[in-house]
Amino acid sequence: MNVIERIQEGVVEAVKALYDADITPDQITINNTRKEFEGDYTVVVFPFTRAARKKPEQIGEEMGNFLLEEVDELVGFNVIKGFLNLVVSDAYWRRFLLETATGDTFGQSAPKAEKVMVEFSSPNTNKPLHLGHIRNILLGWSTAQILEAAGYEVVKVQIVNDRGIAICKSMLAWEKFGEGETPKSSGIKSDHFVGKYYVLFEQKFQEEYKSWQASPAGLAAYTDKAEESQDELAFFKAFKNTYFNEYSALGQEAKAMLLKWEEGDTETVNLWKKMNQWVYDGFADTYENLGVSFDKLYYESDTYLLGKDIIVKGLEDGIFYRKEDQSVWIDLEDAKLDHKLVLRSDGTSVYMTQDIGTAQLRYDDYGVDRMVYVVADEQDYHFKVLFEIMKRLGAPYADKMFHLSYGMVDLPSGKMKSREGTVVDADDLMAEVIAEAKAMAEERGNLAELSEEERQAINRQIGLAALKFFIIKVQPRKRMTFDPKESVDMQGQTGPYVQNAYVRIRSVLRKAGAADTSRAADYNTLETAEKDLIAQLFAFPAIIEEAAEQLDPSAIANYCFDLAKAYHRFYHDYSILRADTSEAIAFRIQLSTAIAQVLKKGMELLGIEMPEQM
RNA sequence: GGCCUCGUAGUACAAUGGAUAGUAUGUAGGUUUCCGGAGCCUAAGAUGCAGGUUCGAUUCCUGCCGAGGCCA
């Protein structure tokens, strides 16, 4: 049992013994003592005034004396207003550092015997990955790592949206205008290659639409269908989808292709396979470069028909109802949601149908206890509805389905819009930050003695650290502004700053060589700065648990930064290898070792690698 | 129109209902004969507005204003 748990237990006992009242540990607020006061942990005693019928100051005194008596780790206390500041013994901190924090498994929780599925990335296959995907992927990956560290068994999956009208557009454009060009012959990365044809389709379609607008048919449509106040521009913008579906020759062709695909037409299916494979090859590079992987890929082409049988069964059980037009719905008004369509009148699926079926499929595949969906916040409502439906269907995991909802990424100039060409491409972005790291290293003259290959590896680690940290440090639910200039910053609250703390320690430890650290336990003049660092290390497991529970990797990022900052300051203020006594040297080596280990482990949870030098 | 999320220094981010709201960047200044200066130190600078609950509100509740989103 650690010191915080002992304090909690002690407070419960104190309230019982002193005031004859029962409280639970979670009713106790224990904070870190603010640095202007003496002490390590602070118990807020205001909440006990009711039970005790005494002034906060008096309760603090009484409780302080009780805890001092009962909790061995405590050596003193003081009371300021309603705050009981507790002083933990140096011996405890010393022991904690040497026996626990320096251990290999520090930060890894015991197994929780619960399996979690994390779904993330889940791209469409018609275009390459962009900045929005990067936020998704980083969140998903780090959440999965954090859940593992917290003791869960984790399965990382994505569902690839490999079918539908979008990929048919790319296919059609390639067939019509590609003249046999391939990624190889063009030298273009293969997912970008497919994206190029998607864009080409949109261009050709726009051209067709423009000329139709000027034609008699187009003008007639405007005259007949435009609303009164609508000018031509607004009308044709709003009319685009209708035009695609009902008038466009290209639209007809694309839709015909989708139909042929659905019928299993060999030629179409082969084309589809070929182009999707190009995309997968390209994605694989991007994922590898980002340092992420998946345990299982689900494909929409396999799952898009799932769920219908569940709907039919639910209809029999009265969970769903059928309207006169034969469409099937669910009434969720008593859950403060709406009526929701789950099967169209012609019997075809909607997204919800598919998601119901896919959830069940995953459960059948893995027997997971919980599911985490990493999906942007524009789908908040969708997931509320999905989870509510799963509850009513009696899915055993329904109470443990979570939507890790995150805000969209904006640019300083506003929203990313593919139509306006402001989308930041994932591959370009990574290349840019790595180039920036390289430029920075050259400017400093670092790494000159290394081989080209080693330098490249380090620049990659630094560049990606800057990018990843910049994105992960923001709480998921918040919309964030991505300033490309700031994302490559390497000073201040950044990934490279944390890496630098690690590199410093590694450098010191290399110089220390195989120094004898056996005397560390005899170091008995613990400085406040040292104690604070140990207390920060102490918090690591709890931070991980909290981040796992909240599905919030930003907590880890901020923790790592705070620890790195505290170490940088300590390093500046104190000598390590030139400390006054051999005990101090030994102790500080151990302290530095533990901090390096925690920084590495913490950043690893975010998918950020630590270089040995930079 | 209904519902959801978010409003904190110039900018970007923190703060399980707890003490004098933390950090970074930018700005101004300082810092290297010594373990790595991608560092360290100093200064100025913020809770959208109005109520409510509470011993205590950036945090919870209500209304308004603003940004974004979802559903027709």
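Order of the sequence lines sets the chain letters (A, B, ...), proteins ahead of strands, with each chain counted from 1.
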statement: Among B:A14, B:C35, B:C4, the one nearest any side-chain atom of A:Leu577 is B:C35

query: B:C35 and B:G29: how far apart are their C1' atoms, nearest whole angstrom?
result: 28 Å

query: When rounded to the nearest Å, what value does the distance between P atoms of B:U8 and B:G66 take?
result: 16 Å

query: How are the rings of A:Phe470 and A:Phe482 set relative to one another: parallel (under 30°), tilted (30 to 60°) or perpendicular (over 60°)?
result: perpendicular

- prompt: If only side-chain N and O atoms of A:Tyr497 are considered, is one of them under 4.0 Å from the OP1 or OP2 phosphate oxygen of B:C40?
  reply: yes

- prompt: How far does the C1' atom of B:U23 sit from the matching atom of B:C40, given to the nearest Å?
  reply: 15 Å

- request: Could you verify whether a donor N or O on one side chain and an acceptor N or O on the other, from A:Tyr502 and A:Glu612, lie under 3.5 Å apart?
  value: yes

task: Name the orientation class of the two ring planes belonging to A:Phe235 and A:Phe239 (parallel below 30°, tilted from 30 to 60°, perpendicular beyond 60°).
output: parallel

- prompt: Between atom CZ in A:Arg506 and atom P in B:G39, what is the gap in whole Å?
  reply: 21 Å

message: Salt bridge or not between A:Glu388 and A:Lys384? Use side-chain N to carboxylate O under 4.0 Å.
response: no

message: Here's a test of your reading of the structure: between A:Pro476 and A:Pro496, which maps to the more 5' nucleotide of RNA chain B?
response: A:Pro476

message: Roughly how many Å apart are B:U62 and B:G26, using the C1' atom of each and rounding to a whole number?
response: 39 Å

- prompt: Whole Å only: how far is the CG atom of A:Leu337 from the C1' atom of B:A72?
  reply: 15 Å

query: Given the C1' atoms of B:A19 and B:C55, what is the spacing between them in whole Å?
result: 13 Å

field: Distance, rounded to the nearest Å, where A:Ile543 contributes CD1 and B:A14 contributes P
entry: 14 Å

message: Without decimals, in angstroms, what is the distance between A:Met480 CE and B:C13 P?
response: 6 Å

- request: Run the salt-bridge test on A:Glu36 and A:Arg34 with the 4.0 Å N-O cut-off and return the result as yes or no.
  value: yes

- prompt: Does some side-chain heavy atom of A:Val11 sit less than 4.5 Å from a side-chain heavy atom of A:Phe48?
  reply: yes

- request: Determine, for A:Glu442 against A:Lys438, whether the closest basic-nitrogen to carboxylate-oxygen distance falls under 4.0 angstrom.
  value: yes

message: In this structure, how many angstroms lie between the P atom of B:C13 and the NZ atom of A:Lys468, rounded?
response: 20 Å

- request: Scan A:Glu546 against the nucleic acid and name what it touches under 4.0 Å (heavy atoms): base, sugar-phosphate only, or nothing.
  value: nothing

- prompt: Side chain of A:His568: nearest nucleotide among B:G18, B:A14, B:G39?
  reply: B:G39

query: Less than 4.0 Å between a side-chain N and a carboxylate O, is that true for A:Glu545 and A:Lys112?
result: yes

Carboxylate-amine/guanidinium contact A:Arg569 A:Asp532, below 4.0 Å: no

task: For A:Ile30, report the nucleic acid contact type (base, sugar-phosphate, nothing); a contact means any heavy atom under 4.0 Å.
output: base

task: Return the orientation label for the A:Trp141 and A:Phe120 ring planes: parallel under 30°, perpendicular over 60°, tilted otherwise.
output: perpendicular

query: Whole Å only: how far is the CZ atom of A:Arg50 from the P atom of B:G56?
result: 13 Å

statement: A:His339 NE2 to B:G2 C1', in whole Å, measures 14 Å

- prompt: Expressed in angstrom and rounded to an integer, what is the separation of A:His403 atom NE2 from B:C4 atom C1'?
  reply: 12 Å

field: Selected nucleotide, minimal atom distance to A:Arg504 side chain, candidates B:A38, B:G37, B:C35
entry: B:G37

- prompt: Taking the side chain of A:Val474 as its heavy atoms from C-beta onward, which of B:G39, B:A14, B:C4 lies nearest to it?
  reply: B:A14

query: What distance, rounded to whole Å, do you find between the two C1' atoms, one in B:A50 and one in B:U11?
result: 28 Å

Pick out the pairs of N or O atoms, protein on one side and nucleotides 68-71 of chain B on the other, that lie under 3.5 Å.
residue, atom, partner, partner atom, Å
B:G68, O2', A:Arg479, NH1, 2.5
B:G69, OP1, A:Lys415, NZ, 2.7

query: Any idea how A:Tyr321 and A:His339 line up, ring-wise: parallel (<30°), tilted (30 to 60°), or perpendicular (>60°)?
result: perpendicular

message: Tell me if the aromatic rings of A:Phe46 and A:Phe83 count as close, with their centers under 6.0 Å from one another.
response: yes

query: Does A:Asp380 or A:Val44 map to a spot on RNA chain B nearer the 5' end, using the closest nucleotide for each?
result: A:Asp380

- request: Evaluate the ring planes of A:Phe561 and A:Tyr497, with Trp represented by its six-membered ring, and classify them as parallel (under 30°), tilted (30 to 60°) or perpendicular (over 60°).
  value: tilted

Heavy-atom protein contacts under 4.0 Å, nucleotides 19-32 of chain B, coded B base, S sugar-phosphate only, - none: BS-SBSS-------

query: Quick one: stems for RNA chain B, with Watson-Crick or G-U pairs under 3.5 Å, at least three in a row?
result: B:1-7 with B:65-71, B:10-13 with B:22-25, B:27-31 with B:39-43, B:48-52 with B:60-64

query: In whole Å, what separates the C1' atom of B:A12 from that of B:C71?
result: 33 Å

field: Out of B:A14, B:C35, B:A38, whichever nucleotide has its closest atom nearest the side chain of A:Met490
entry: B:A38

task: Determine the contact category for A:Thr481: base if any of its heavy atoms lies under 4.0 Å from a base atom, sugar-phosphate if only primed atoms, P, OP1 or OP2 are that close, otherwise nothing.
output: sugar-phosphate

- prompt: Does atom CD of A:Glu38 have more than 12 heavy-atom neighbours, drawn from other residues, nucleotides or ligands, at distances under 6.0 Å?
  reply: no

task: Would you indicate what A:Asp410 reaches in the nucleic acid, counting non-hydrogen atoms under 4.0 angstrom: base, sugar-phosphate, or nothing?
output: nothing

message: Need one value for A:Tyr574: base, sugar-phosphate or nothing, where a base atom within 4.0 Å counts as base even if backbone is also close, heavy atoms only.
response: base

message: I'd like the P distance from B:A44 over to B:C61, given in whole Å.
response: 35 Å

